[in-house]
Asks: 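One structure, pasted below without further comment.
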Amino acid sequence: QVQLVESGGGLVQAGGSLRLSCAISGRTFSSYAMGWFRQAPGKEREFVTAITWTGGGTYYADSVKGRFTISRDSAKNTMYLQMNSLKPEDTAVYYCAARRGYYAPYDRGYDYWGQGTQVTVSS
């Protein structure tokens, strides 16, 4: 039983930055991955980035490499997504997610989801 709550979304102009947070509560697993996904209206949910909780290995979609950074603070049970150089096409509802196990590919297999937080990038 894992609960995920995202926060930090908002409205930002193109080129600006936002930092999203995902608070993790309830039962956690000894070996699991955490990820960020996003979904724009009329589009399928899209993988953004993922991190292995213990080792801290990171994985990024090509569309966000060099602009977004995923991190986690295990002591605070919190995951972050630092988003820089934001573009209008980054506009979406952003979801954090969790799954058991460390295995590739990291863009799928997630069992637990937050409620989402809206990120809007204006041009």
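Counting begins at 1 with the first residue of the sequence.
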Asks: Please evaluate residues Q3 and I24 with respect to the criterion side chain to side chain contact (heavy atoms under 4.5 Å, CB included), reporting the C-alpha separation (whole Å), side-chain torsions for both, the decisive distance (0.1 Å), and the verdict.
Replies: CA-CA 6 Å; Q3 293 81 45; I24 307 161; over 6 Å; no
Asks: What I'd like to find out is whether the side chain of M34 reaches to under 4.5 Å of the side chain of W53, using heavy atoms alone.
Replies: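 With C-beta onward as the side chain, the pair touches.
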Asks: Do Y102 and T54 have side-chain atoms, one donor and one acceptor, less than 3.5 Å apart?
Replies: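 Side chains of Y102 and T54: pair found under 3.5 Å.
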Asks: Taking side chain to side chain contact (heavy atoms under 4.5 Å, CB included) as the test, write out the residues that go with S7, two or more places apart.
Replies: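 Per chain and number, S7 pairs via side chain to side chain contact (heavy atoms under 4.5 Å, CB included) with S21.
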Asks: Applying side chain to side chain donor-acceptor pair (under 3.5 Å), can you list everything that pairs with S74, at least two apart in sequence or on another chain?
Replies: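 Applying side chain to side chain donor-acceptor pair (under 3.5 Å) to S74 gives none.
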Asks: Strictly distance-based, threshold 3.5 Å: is any side-chain N or O of Q39 a donor or acceptor partner for the main-chain N or O of A92?
Replies: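 No; judged by distance alone, with no hydrogens or angles, the pair does not exist.
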Asks: Between T120 and V12, is there a side-chain heavy-atom distance shorter than 4.5 Å?
Replies: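 Contact flag for V12/T120 side chains = no.
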Asks: Ignoring hydrogens and angles, tell me if any N or O in the side chain of T117 forms a donor-acceptor pair with the backbone of Y94 under 3.5 Å.
Replies: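 Checking the backbone N and O of Y94 against the side chain of T117, no donor-acceptor pair under 3.5 Å is found.
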Asks: Could you state the interatomic distance from OG1 (T52) to CD1 (I70), rounded to the nearest 0.5 Å?
Replies: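 That separation rounds to 9.5 Å.
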Asks: Show me the pairs that pass salt bridge (Lys or Arg N to Asp or Glu O under 4.0 Å) and involve residues 41-53, at least two apart or across chains.
Replies: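 Output for this query lists R38-E46.
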Asks: Test: disulfide (SG to SG under 2.5 Å). Region: residues 29-94. Which pairs qualify, not counting sequence neighbours?
Replies: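 Every candidate disulfide (SG to SG under 2.5 Å) pair involving residues 29-94 fails, so no pair, neighbours aside, qualifies.
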Asks: Would you list the pairs meeting salt bridge (Lys or Arg N to Asp or Glu O under 4.0 Å) in which at least one residue belongs to residues 58-73, sequence neighbours left out?
Replies: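 Of all non-adjacent pairs touching residues 58-73, those that pass salt bridge (Lys or Arg N to Asp or Glu O under 4.0 Å) are D62-K65, R67-D90.
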Asks: How long is the straight-line distance from CG of L20 back to CZ of F68, given to the nearest 0.5 Å?
Replies: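 Those atoms lie 8.0 Å apart.
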Asks: Taking only residues two or more places apart in sequence or in another chain, which ones pass side chain to side chain donor-acceptor pair (under 3.5 Å) with E89?
Replies: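 Checked E89 against side chain to side chain donor-acceptor pair (under 3.5 Å); zero matches.
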Asks: For the side chain of Q118 and the backbone of G9, is there at least one donor-acceptor N/O pair under 3.5 Å apart?
Replies: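 No, the answer is negative, given that no donor and acceptor are paired below the 3.5 Å cut-off.
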Asks: I'd like to check the side chain to side chain contact (heavy atoms under 4.5 Å, CB included) partners of S122; sequence neighbours left out, ordered by chain and number.
Replies: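 Listed in chain order: L11, Q13.
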Asks: Keeping T78 on the side-chain end and K76 on the backbone end, is there a donor-acceptor pair under 3.5 Å?
Replies: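 Checking the backbone N and O of K76 against the side chain of T78, a donor-acceptor pair under 3.5 Å is found.
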Asks: Can you list, pair by pair, the side-chain donor-acceptor contacts under 3.5 Å of residues 79-87, counting residues two or more places apart and other chains?
Replies:
from	atom 1	to	atom 2	distance (Å)
Q82	NE2	N84	OD1	3.0
N84	OD1	S17	OG	2.8

Asks: Only counting residues at least two apart or in another chain, list the ones meeting ring-ring contact (aromatic ring centres under 6.0 Å, His included) with F47.
Replies: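 Scan of F47 (ring-ring contact (aromatic ring centres under 6.0 Å, His included), adjacent residues dropped) gives F37.
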Asks: In a table with atom names and distances, give each donor-acceptor pair under 3.5 Å that connects a side chain of residues 105-114 to protein atoms at least two apart or in another chain.
Replies:
from	atom 1	to	atom 2	distance (Å)
Y106	OH	Y103	N	3.1
Y110	OH	Y106	O	2.7
W113	NE1	Y110	O	3.4

Asks: Would you mind listing every disulfide (SG to SG under 2.5 Å) that reaches into residues 11-114, with sequence neighbours excluded?
Replies: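 Checked against disulfide (SG to SG under 2.5 Å) - neighbours excluded - the pairs reaching residues 11-114 are C22-C96.
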